[in-house]
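Below is one structure; the comments refer to it alone.
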Amino acid sequence: MDLLSALSLGELALSFSRVPLFPVFDLSYFIVSILYLKYEPGAVELSQRHPMASWLCAMLHCFGSYILADLLLGEPLIDYFSNNSSILLASAVWYLIFFCPLDLFYKCVCFLPVKLIFVAMKEVVRVRKIAVGIHHAHHHYHHGWFIMIATGWVKGSGVALMSNFEQLLRGVWKPETNEILHMSFPTKASLYGAILFTLQQTRWLPVSKASLVFTFTVFMVSCKVFLTATHSHSSPFDVLEGYLCPVLFRPVWGGNQHDNHGRPHGGSGPSSPHSALSTKPKEELSEGSRKKKTKKAD
Amino acid sequence: MDLLSALSLGELALSFSRVPLFPVFDLSYFIVSILYLKYEPGAVELSQRHPMASWLCAMLHCFGSYILADLLLGEPLIDYFSNNSSILLASAVWYLIFFCPLDLFYKCVCFLPVKLIFVAMKEVVRVRKIAVGIHHAHHHYHHGWFIMIATGWVKGSGVALMSNFEQLLRGVWKPETNEILHMSFPTKASLYGAILFTLQQTRWLPVSKASLVFTFTVFMVSCKVFLTATHSHSSPFDVLEGYLCPVLFRPVWGGNQHDNHGRPHGGSGPSSPHSALSTKPKEELSEGSRKKKTKKAD
Amino acid sequence: MDLLSALSLGELALSFSRVPLFPVFDLSYFIVSILYLKYEPGAVELSQRHPMASWLCAMLHCFGSYILADLLLGEPLIDYFSNNSSILLASAVWYLIFFCPLDLFYKCVCFLPVKLIFVAMKEVVRVRKIAVGIHHAHHHYHHGWFIMIATGWVKGSGVALMSNFEQLLRGVWKPETNEILHMSFPTKASLYGAILFTLQQTRWLPVSKASLVFTFTVFMVSCKVFLTATHSHSSPFDVLEGYLCPVLFRPVWGGNQHDNHGRPHGGSGPSSPHSALSTKPKEELSEGSRKKKTKKAD
């Protein structure tokens, strides 16, 4: 905090926290979300043959986080759809991205420098949503740590956490994978962010909310812009997880495996499970599926 | 309105709006709904081997619209099940349709003239449900246009909108299709009706609710009776949609397709996409699947 | 009641009803529930490669009944997660069962005499949950018979009723079966128990709640301990159902079957359908699938 104040970052954070999200930042959120819908295989065909299904998917991509949070907190699922202006704005973006003559709108927003600006602005919205979600959950459950984290997480991850059902709406069904099994960077970052914001909300983290929002936004924007610019699918958490996971969740050695699979595991020391853990999931995922997976959560 | 009054239709509409639905109209609704459940492949076998699953499916067919509307509006999912008399009536209908000695009840209600009367009465209930749903949503969200339309739509469509999950209960899973992708006539009509009733509720459509209910009921009854009598699966909206969809949701020509499918499309003008749009979906659906699809939403 | 009082069972039942469930009984519930999760094929591998998904599954196994009941009654889905101590206890059990060095914890709780004690204590919690669920539903819907039964049922059955979605979280999808189609003993017993407790709550069954809880607990504990000790998958209700089902839900004979399957049924009398009904489902289920099915609902 002292450092932040010295650099007058505190005031910057405070002014930043007062910037309204609607309409500019929300617009960026909608553009990037629906862009990633268009990247899905078959999405363009769907939009022409089943515009209603395509529009519903676009709404899930834009407002999935509100729907999930409302479901968890027992509020009306379509509560957010009372914001007519947001819905109309998102619908306009959907129409322009899919049906604009000469595909002009799509070409503009896909131009990398333009896209990077939108991606950066989307992360601003994401962090703000996590913070608001946790504040809202804290209002209902003062000591509900898990509820706060869960609400912040779904507010940050959005449609990714219900990707199976979003796909089902488009007639696609891939039960063998889901966002919990193969978390993308935004989903993981939302989870870690939700934990940080919960600690701040319950005063275990002695920083102001404005500073945390600002710092976490800077982190998310820089990571996401870098990942998008380099078309990378790695995650800054990979290194840390590569160390922690094998220690915390190591396979039980020396004991009989009670797994019905009877899967062979040749490893006879703590180093072998580590490598199995960090390499196997990546081998399994083909390039294509990994690409899609990462996009889904954007 | 003037025309309606002149014909004294206004008074007729008002008296019609006061006719109670329970028990006669509700009974017809249950009979037709559970009849369509019995048409589903494997439904008879299911009822004998797994009566509990069959009964639950029958309840979804009869009360799916209430469950979905309660889900959207954040009310208890089983709220409607506090109407014990309705549940008992629907259960009795389920029992008679599936287990009546000599299949007598089923044969009676399947006799075409009798069935047409029940079908007509079912549409009366459907229109009333749409109107009540929109009134209810309007009570909670005075300016929630989208919420009103969505509530009216699910109240009119009922189990059709959750057919994937109703099938799952019976051990059937067809992820490649759903009611949003291939809307049947009742689902589409419910959507258009919900838009009309929302316009009426928000006073953009200068007619009385009773008149609108009456007019829309007449339209629905005549369409549905005609379609049922002729075993037809077309829809009166096909012509209008055939003109509008290609204009509104035309494929982007002249630009690179960003669809990952790389699907070939030889069309080089606005007329070719039109034909693709109106013929392809029909080619794909086999006669059998179309038949089932249409029935599902009844 | 007189008999019970004479044996001073009434007082015993009353004292029994005052025994607090947290933490000892709840702990047993968590241990047995997560034990059955570890029995699922692939669960051990999942815990090592996707600990987050494994933990979420464990939470569903421990708290699925609360989530389902909250969903039915329109309350926040994660309401129960405000009990931080319960969540932490269940998480600790999950960690110990899956990652304890040398698999020590798992080996201890799997030792049959120990396991039988935990299984017995789990049934105590189950019966108490059914009673509390019905009391809660009765508070909201005084005459909602079906709502009371449904709430008690989901409170008793827990994760079994949403096993399809719990499997989906683990990347497994078996749409051709579900707990409604193939009810295990605990699910059936929960349903019958819910009916009994509803009759008691609405004063149709002239016994005190404490006595009913006590009697039903004794029945459940003895059945479940016997079934677990003998590795049996039969159910005490099989005999009764074998008599009742063919009478109540007999195939319609003498009439044309309107089932699209055109399935052959050579039976020409009431006795033939009976045998088809009672033997066919058992033939179909392989030993492995039956074993899993039974475990799922524990």
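Within every chain, numbering begins at 1; the chains are lettered A, B, ... in the order of the sequence lines, protein sequences first and strands thereafter.
Under the 4.5 Å side-chain criterion, counting only non-hydrogen atoms from C-beta, B:Leu248 is in contact with A:Tyr95. Proximity of B:His182 to A:His50: side-chain heavy atoms (C-beta onward) are separated by under 4.5 Å at one or more points. A:Pro101 places a side-chain heavy atom less than 4.5 Å from the side chain of B:Arg250. Inter-residue side-chain proximity for B:Leu181 and A:Arg170 is flagged as unmet; no heavy-atom pair is nearer than 4.5 Å. Side-chain contact between B:Phe146 and A:Leu88: present, with at least one pair of heavy atoms (C-beta onward) separated by less than 4.5 Å.
Between chain B and the residues A:Asp79, A:Asn83, A:Ile67, the largest count of heavy-atom pairs under 4.5 Å involves A:Asp79. The residue among B:Thr151, B:Leu191, B:Ile147 with the most heavy atom pairs within less than 4.5 Å of chain A is B:Ile147.
Using cut-offs of 30° and 60° for the angle between ring planes, the B:Phe249 and A:Trp94 rings count as tilted.
Of the atoms belonging to B:Tyr141, it is side-chain heavy atoms, and not backbone ones, that fall under 4.5 Å from chain A. Using a 4.5 Å cut-off between heavy atoms, B:Asn164 touches chain A through its side chain atoms alone. Contacts of A:Tyr80 with chain B are absent, with no heavy-atom separation under 4.5 Å from either backbone or side chain.
Between the SG atom in A:Cys57 and the CD1 atom in B:Ile180 there is a gap of 9.5 Å [rounded to 0.5 Å]. Between A:Ile78 atom CD1 and B:Ile149 atom CD1 the span is 10.5 Å, to the nearest 0.5 Å.
What you find for B:Asn178 and A:Leu169 is that their closest heavy atoms are ND2-O, 3.2 Å.
Other residues, nucleotides and ligands contribute only 12 or fewer heavy atoms inside 6.0 Å of the CZ atom of A:Phe226. For NE2 of B:His140, the number of neighbouring non-hydrogen atoms (other residues, nucleotides, ligands) closer than 6.0 Å is greater than 12. Residue A:His136 qualifies as enclosed at atom NE2: its count of foreign heavy atoms under 6.0 Å is above 12.
Not a single donor-acceptor pair under 3.5 Å links the side chain of A:Asn84 to the backbone N or O of B:Gly144.
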